[in-house]
Amino acid sequence: MAETILVVNAGSSSIKFQLFAIGQGDQLDRRLKGQIEGIGTRPRLSARDANGASAVDESWSPDEVGELSDALDRLVVFLRNYVGRLPVAISHRVVHGGPDFVEPTTVTARIIDRLQRFIPFAPLHQPNNLAPMKIVLERQPQLLQVACFDTAFHRGHPEIADRYAIPENLYREGVRRYGFHGLSYEYIAMRLREVAPEIADGGVVAAHLGSGASMCALSAGKSIESTMGFTALDGLPMGTRPGQMDAGIVLYLINEKGMTTKEVEHFLYHDCGLKGLSGISNDVRDLLASSDPRAKLALDYFTYRIALFVGLLAAALGGIDGLVFTAGIGENAPGIRQAVSDRLSWLGIELSEMANRKNELRISSKRSRVACYVVPTDEELMIAKHTLGVLRKSTSEQLKEKRA
Ligand code: AMP
C-alpha cells in the first residue's frame, strides 16, 4: 500500500482511528475506519475497509490489553501486517489548543508540556488526547506526530467574541470563549466552496448537530462566532449536556443541594441535555420514535434553541445567506431540520419538503431567501489534510537544509 497517515481520536477507554493512503497528487483515500474499545475491561479491535468489509475483529483479555500503551501496541502490530509498514505520520485530534495554538502543530515533548497546561480547560478530554502522543514519542521518536485542535479554527474571532464580562486577569490566563467542533466547521467551509460557491463567500450559519452540538457563524469561510465558549458545555442543548445555562444554577447545586464540584461536573456532562429533559434518552432517534410528551418537549426545546441561536449568529454576521446542517442529527433527521426551518420562516427560510426528506445536498425551496444545505462533515479527512500539509512542509524544509 502507498504511504499512509493514521488519524487518532483517543478517549478514556477507546481509541478511534482512520487510516488514509496518500495517492497521486496528494489525494487522500480513506482505507480503514476502526476502533479499539473497552481498554482495561473488554478490549476489542475492529475496523472496516473502504468497502465496509471487516478488516479486523480481535478481542483480548483485560490482562493482555489493560492500558492505552497495550492497545497502541496491538494497533501497530495490526497496521504493520495490514499495510506492510508504519504510517508516515500520526495525527491526533486534540480538543483544546488554548489561546495560542492556531495551526496544526508537530508534536514534541515541549509541545506536550504546553498542551498539558490546558487540562483544566478540558479535564475529561485533554488528558486522553495527549496520552497516545506521549507513548508514541517514547517508542517511535522519529515518527512525525501532528496535533490538530478543535479550538484552532475559531481563534481568529474578533476580541469582542473572545471575551466574557469578567476581569481582565482571567482572560489573560485563558478564560476565553474558544468554541469547539472547529475541525468540522473548517471542513464545512472548505466543502461549501465546492458544493455551494454562491454562499461560500457570504454569511453562513453552520449547525453541527451530533451527540455534541454547536453552531458557528462563518463569514467568507472564516469563523467569527460560536455558540460554545470556554468549554464544550455552552450553547445548544446536547445529548447529555445542558447547553447555555444560568451560572447561578451551578451555585444552587453546590450551595443548596450540597453537590461537590466533581458531582456537578458529572451532572453537567452526563445527566442533562436531551437525556435530562426527556428522562428517556440522549438519542434523537429514540425521542423521535417515542409518543411520550417529555420526548416532544425535549425535541421542541432542541429546535427552539437552534432557531434562537440562528438569530444570534445572523446578528453577528449582519445577515445570513446560508444555513448548513451537519453531523449525526443534522445529516440524518429531516424532521429536526424542518422544525428548525419552520421557526425561521421570519428570515425567509423555506425548505423543499421532498429534498429535505431525502437528505439531499440543497434542501431549501426555490423561494427560500436563505440557501439551506445538508453537508456531511468529515473531521478526520480535515485532520489528515492538515497532517499532509505539515509533512510536505517538513520534507521541503529538510531538503532545503540538505542543500544549504
Ligand atoms: P455524531 O455525534 O455526529 O456521531 O451524532 C450522533 C447522534 O446522531 C446520535 O446520538 C443520534 O442522536 C443522532 N442520529 C444519528 N442518526 C440519526 C437519525 N437517523 N435520526 C435522528 N438522529 C440521528
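Remember, it's 1-based here, ligands and their atoms both numbered in the order they're listed.
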Considering only heavy atoms, which protein residues lie less than 4.0 Å from any atom of ligand 1?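 Shell around ligand 1 (4.0 Å, heavy atoms): Gly210, Ser211, Asp283, Val284, Arg285, Ala327, Gly328, Ile329, Asn332, Ala333.
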Pairs in or reaching into residues 88-103: which pass salt bridge (charged side-chain N to carboxylate O under 4.0 Å, His left out), with residues at least two apart or in two chains?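 Every pair satisfying salt bridge (charged side-chain N to carboxylate O under 4.0 Å, His left out) with a residue in residues 88-103: Arg93-Asp150, Arg93-Glu379.
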Give a yes or no on whether a salt bridge exists between Arg117 and Glu173, defined as a side-chain N under 4.0 angstrom from a carboxylate O.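 No salt bridge links Arg117 with Glu173.
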Looking at Asp283 and Lys275, is any side-chain nitrogen of the basic one under 4.0 Å from a carboxylate oxygen of the acidic one?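 Judged by the 4.0 Å cut-off on N to carboxylate O distance, Lys275 and Asp283 do not form a salt bridge.
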Between Glu350 and Ser365, do the side chains contain a donor N or O and an acceptor N or O under 3.5 Å apart?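 Yes, a side-chain donor-acceptor pair sits under 3.5 Å.
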Identify whether NZ of Lys or CZ of Arg in Arg177 sits under 6.0 Å from the centre of the six-membered ring of Phe230 and within 45° of that ring's axis.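 No, a cation-pi geometry is absent between Arg177 and Phe230.
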CD (Glu360) with more than 12 external heavy atoms under 6.0 Å: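 Result for CD/Glu360: enclosed.
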